[in-house]
Amino acid sequence: MIPTRRKAGVAALVIAAAAAAGVGTYIPGSAAAGGNGSKAVCGAPAAGDARCNSRLLTKDGRTVTTSTPAGYGPTALQSAYNLPSSSAGAGQTVAIVDAYDDPNAVSDISHYRAVFGLPAFGPNGPTIRKVNQTGGTNYPKANGGWAQEISLDLDMVSAICPNCNIILVEANSASLTNLGAAVNEAAKLGATSISNSYGGNESSQDTNYDGTYFTHPGVAITASSGDNGYGVEYPAASSLVTAVGGTSLNHANGVWTETAWSGAGSGCSAYDPQPSWQSTWNTGCLNHRAVADVSAVADPNTGVAVYDSLRYGGASGWLVFGGTSVASPIIASVYALAGKSVSGVPQSALNTGALNDVTSGSNGNCSVSQLCTARAGWDGPTGLGTPNGITAF
């Protein structure tokens, strides 16, 4: 039975210990595997580049690592968002676009799936394919931080849509042009949804990038809104993508609750125009694109279990991740479960009753309150809300 969900609640610092059997909890700071902070996986981007939008749970400044999964796993996430993950998604293909190479990507995701009892890749089940930004197998140089991002993204697709095929497209670098070329390659290879868990500063080139890299009718493209609180990043600011914000997700006494995560990006784009579906949302952005559209869990203190064997920053194995890099592949995979998409237009705009409205929490201070403070209906940090099944998508 799916636990009932309150529309909003006060976030407690509780994380589910994601054993394959179900939903448990541990308290950050406890001997079980707690944390008391988080750190960004990727550093600030250079001009024209993007950073990955993932954060690692830490304790006393050191990355939390565990011998078994800690953090939400597939059972918990599917339950929280009322998803038909075991019965839907076959024949759909979710593409993950990231920078640089994770040499252990395929073996790590296979380990994650085995631990959680998800379908193995193979000729009679879902498939996984890894390519560079031109579709070849001459991969770019390895990068430990982006490898952690890749593991996070692949594990979230597996958790939400275990029957989906997966394509990992590795860009030559973290430049927005190379990442954009990887998006084009993902669409060329037949992806039905594409997740982009990264962002960079807005620029006057953004509308040109929209037309060059994100115009793929019939493909749902998601982008994480950022991890630095109120403020806008690209490509989440593109009018051709579904911008994905973040929440704190908690489970207690059979009830799921969510609040806006303080780190979720939001605001008004300086360059991209308002997409048609936002015209009735009262965003406060006038004729400019508002971020975000929808959301999912992103708080590292209510984070997800990820397996990454490539040692980086002194850590490897089972890690606990947050950041809107968690939320973007979750939403891309929900699109795949739904089996339909419209490029850049979240179907949630047409069926808000099938979303969990997040009505409390904030990501900063702003002159237009709904751009940084959750409320009933649309708000910046969480958009229209989080998935409640697949009919909104």
Side-chain angles (χ1 to χ4, degrees), residues 45 47-53 95-99 133 153 169 171 174-188 191-228 230-246 264-279 281 283 285-295 324-325 327-329 331-332 335 341-349 371 378 380-381 383-384 393:
D49 284 5
R51 69 185 297 171
C52 63
N53 282 323
I96 294 299
V97 170
D98 281 312
Q133 70 181 52
D153 292 342
V169 186
S175 74
L176 287 168
T177 53
N178 279 330
L179 288 161
V183 172
N184 285 344
E185 185 62 28
K188 178 182 175 181
T192 50
S193 60
I194 303 171
S195 175
N196 304 274
S197 289
Y198 56 83
N201 294 328
E202 287 192 282
S203 78
S204 58
Q205 292 296 310
D206 290 354
T207 54
N208 292 329
Y209 290 160
D210 289 349
T212 303
Y213 303 123
F214 296 103
T215 304
H216 298 290
V219 180
I221 304 176
T222 64
S224 55
S225 69
D227 296 344
N228 296 308
Y230 177 65
V232 177
E233 294 184 351
Y234 188 87
S238 171
S239 299
L240 298 177
V241 310
T242 299
V244 185
S266 69
C268 303
S269 171
Y271 301 99
D272 264 75
Q274 181 186 71
S276 60
W277 72 80
Q278 290 189 343
S279 62
W281 290 4
T283 64
C285 291
L286 300 177
N287 61 340
H288 286 259
R289 199 263 198 266
V291 174
D293 298 313
V294 291
S295 53
T324 51
S325 281
S328 179
I331 296 300
Y335 271 118
S341 64
V342 179
S343 180
V345 182
Q347 295 298 308
S348 50
L371 289 173
W378 182 89
L384 292 171
F393 296 84

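Residues take their numbers from the sequence shown, with the count starting at 1. Values in this document were obtained by computation on a predicted structure and should not be read as measured data.
- Atom CG of Asp49 sits about 7.0 Å away from atom CG of Leu176, to the nearest 0.5 Å.
- At distances below 3.5 Å, at least one donor-acceptor pair connects side-chain atoms of Asp272 with backbone N or O atoms of Ser239.
- In terms of heavy atoms, Ser224 sits closest to Ala236 at O-CB, 3.4 Å.
- Side-chain contact between His216 and Val183 is present, with heavy atoms from C-beta onward closer than 4.5 Å.
- Using a 4.5 Å heavy-atom cutoff, the side chains of Ser325 and Tyr198 are not in contact.
- Taking CG of Asn196 as the start and CD1 of Ile221 as the end, the distance is 7.0 Å to the nearest 0.5 Å.
- Defined by atom type and a distance below 3.5 Å, a donor-acceptor pair is present between the side-chain atoms of Gln278 and Asp293.
- Neither side chain, Tyr213 nor Ser238, offers a donor N or O lying under 3.5 Å from an acceptor on the other.
- For the pair Val241 and Ala223, the tightest heavy-atom approach, listed with the atom from each and the gap, is CG2-CB, 4.1 Å.
- In this model, a donor atom of one side chain and an acceptor atom of the other lie less than 3.5 Å apart for Thr222 and Ser328.
- A donor-acceptor distance shorter than 3.5 angstrom exists from the side chain of Ser225 to the backbone of Gly265, with no hydrogens or angles considered.
- Put simply, the side chain of Ser266 gets close to the backbone of Leu371: a donor and an acceptor are under 3.5 Å apart.
- A donor-acceptor distance shorter than 3.5 angstrom exists from the side chain of Asp227 to the backbone of Thr324, with no hydrogens or angles considered.
- Residues Tyr335 and Phe393 approach most closely at CD2-O, 3.7 Å, considering heavy atoms.
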TODO: Dump the intermediate steps for side chain to side chain contact (heavy atoms under 4.5 Å, CB included) on Ser195 and Ile96, then the final yes or no.
DONE: CA-CA 5 Å; Ser195 175; Ile96 294 299; 3.8 Å; yes
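- Under the 4.5 Å side-chain criterion, counting only non-hydrogen atoms from C-beta, Cys285 is not in contact with Gln274.
- His288 places none of its side-chain heavy atoms less than 4.5 Å from the side chain of Val232.
- Counting heavy-atom neighbours within 6.0 Å of Asn201 CG, excluding the residue itself, gives a total of 12 or less.
- Smallest separation of non-hydrogen atoms from Glu233 and Gly199: OE1-CA, 3.2 Å.
- Asp210 and Tyr234 form a side-chain donor-acceptor contact under 3.5 Å, judged by distance and modelled atom types alone.
- Here the straight-line distance linking atom CZ of Arg289 with atom OG1 of Thr283 works out to 9.5 Å at 0.5 Å rounding.
- The structure places CG of Asn208 at 12.0 Å from OH of Tyr271, a figure rounded to the nearest 0.5 Å.
- Distance check: Leu286 CG to Cys268 SG gives 7.5 Å after rounding to the nearest 0.5 Å.
- Closest heavy-atom contact between Ala187 and Ile194: N-CD1, 3.8 Å.
- A distance of 4.5 Å separates CG in Asp98 from CG in Asp153, rounded to the nearest 0.5 Å.
- By the 4.5 Å heavy-atom criterion applied to side chains, Pro329 and Ser197 are counted as neighbours.
- The shortest non-hydrogen separation linking Phe214 to Pro235 is CZ-CB, 3.5 Å.
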